[in-house]
Amino acid sequence: MNVRLTSVGRVLALPVLAALLTGCGIRATEVPTEFGPAPSRVRCSLSEPDLSTQASRGLPVQAFLLCGSSLVAVDRTVRVPDGTADTERRVLVAQGLLDELAATPSAAEKEAGYTTDVRGGMTVRGPGPRDPADALRLSTRPGDLTSYALAQVVCTFSDSAAAEGDGSVVLGGPASEPLRRYECTDKVRSRPGSTEPPSSEVAGG
């Protein structure tokens, strides 16, 4: 009699055990928890306008930050005094953009997954005596930047008043470092870590 009761108890226990195991299965991961959503759910977009980037008046620009291993444009402003000559204006815009790229993303941008690989302290100046008029020289050789940082700089500059507006920018390092024309392509924007901006030599640098 005891043997039969034990067997019946085991049979009844199986559905209960199965239900418990099902409750601990994959379906539980589909429900957001207090630990936050999975990384794949990062949208790389701000749910609300980020007013911190509009706190001061200036020239509206866009800077390319990293998000989800791609480049994503965010709104920024840079200060350019009225009446500034075109050559000086380009350099001021370029320096302002460099500073924005090196700045820590806002709290809202961090929460949305934005980061930057551009380090602070980098400066930019206009063309040297033998350089073409549209050249910009960085205090750090472009070749010494990480692939992410170079992509950020190239795409940000080429899409701004710092360049000629044709999707490219002429960059070089300090002193007499050779100049190259870098392009920001769709592939660079989507895969900056594995795709370097296409470039070609520029005469006169």
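- With hydrogens and angles disregarded, no donor-acceptor distance shorter than 3.5 Å links the side chain of Thr156 to the backbone of Val153.
- Between the side chains of Glu183 and Ser158, not a single donor N or O lies within less than 3.5 Å of an accepting N or O.
- Applying the 4.5 Å side-chain rule to ILVMFWY residues, one finds that Val188 remains a lone member of its cluster.
- Leu150 contributes atom CG, which lies 11.0 Å from atom CG of Asp117 (distance to the nearest 0.5 angstrom).
- For the residue pair Tyr114 and Cys44, the shortest heavy atom distance occurs at OH-O, 2.7 Å.
- Here Leu179 contributes atom CG and Ser200 contributes atom OG; the two are 11.0 Å apart, rounded to the nearest 0.5 Å.
- With Glu109 contributing its side chain and Ser106 its backbone, the two residues share a donor-acceptor pair below 3.5 Å.
- A pairwise comparison of heavy atoms in Leu171 and Pro142 identifies CB-CG, 4.2 Å as the closest pair.
- The disulfide (SG to SG under 2.5 Å) analysis of residues 130-202, with sequence neighbours excluded, yields the pairs Cys155-Cys184.
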Requested in this report: For the pair Val118 and Thr146, evaluate side chain to side chain contact (heavy atoms under 4.5 Å, CB included) and give the outcome as yes or no after the intermediate values.
Outcome: CA-CA 8 Å; Val118 177; Thr146 67; over 6 Å; no
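- Residue pairs meeting the disulfide (SG to SG under 2.5 Å) criterion with at least one partner in residues 101-141, sequence neighbours excluded, are absent.
- Between the CD atom in Gln95 and the CG atom in Leu136 there is a gap of 10.5 Å [rounded to 0.5 Å].
- Counting heavy-atom neighbours within 6.0 Å of Arg191 CZ, excluding the residue itself, gives a total of 12 or less.
- Thr116 places a side-chain N or O within donor-acceptor distance of the main-chain N or O of Leu101, the cut-off being under 3.5 Å.
- Among all heavy-atom pairs drawn from Pro132 and Pro127, the shortest one is O-CB, 3.2 Å.
- Note on residues 138-163: pairs passing salt bridge (charged side-chain N to carboxylate O under 4.0 Å, His left out), not counting sequence neighbours, are Arg141-Asp144, Arg141-Glu177.
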Side chains of residues 59-72: which donor-acceptor partners sit under 3.5 Å, not counting sequence neighbours?
from	atom 1	to	atom 2	distance (Å)
Gln62	NE2	Asp75	OD1	3.3
Ser70	OG	Ser190	O	3.2

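- Between the CD atom of Glu196 and the NZ atom of Lys187 there is a distance of 13.5 Å, given to the nearest 0.5 Å.
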Query raised in the report: Which is it for Arg137 and Asp131 under the side chain to side chain contact (heavy atoms under 4.5 Å, CB included) test, yes or no, and what are the steps along the way?
Result: CA-CA 10 Å; Arg137 287 193 172 275; Asp131 296 340; 2.7 Å; yes
Query raised in the report: Between Leu97 and Ser160, does a side chain to side chain contact (heavy atoms under 4.5 Å, CB included) hold up when you go through it step by step?
Result: CA-CA 9 Å; Leu97 289 169; Ser160 74; 3.4 Å; yes
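- Residue pairs that meet the salt bridge (charged side-chain N to carboxylate O under 4.0 Å, His left out) test with at least one member in residues 89-102, sequence neighbours left out, are Arg76-Glu100.
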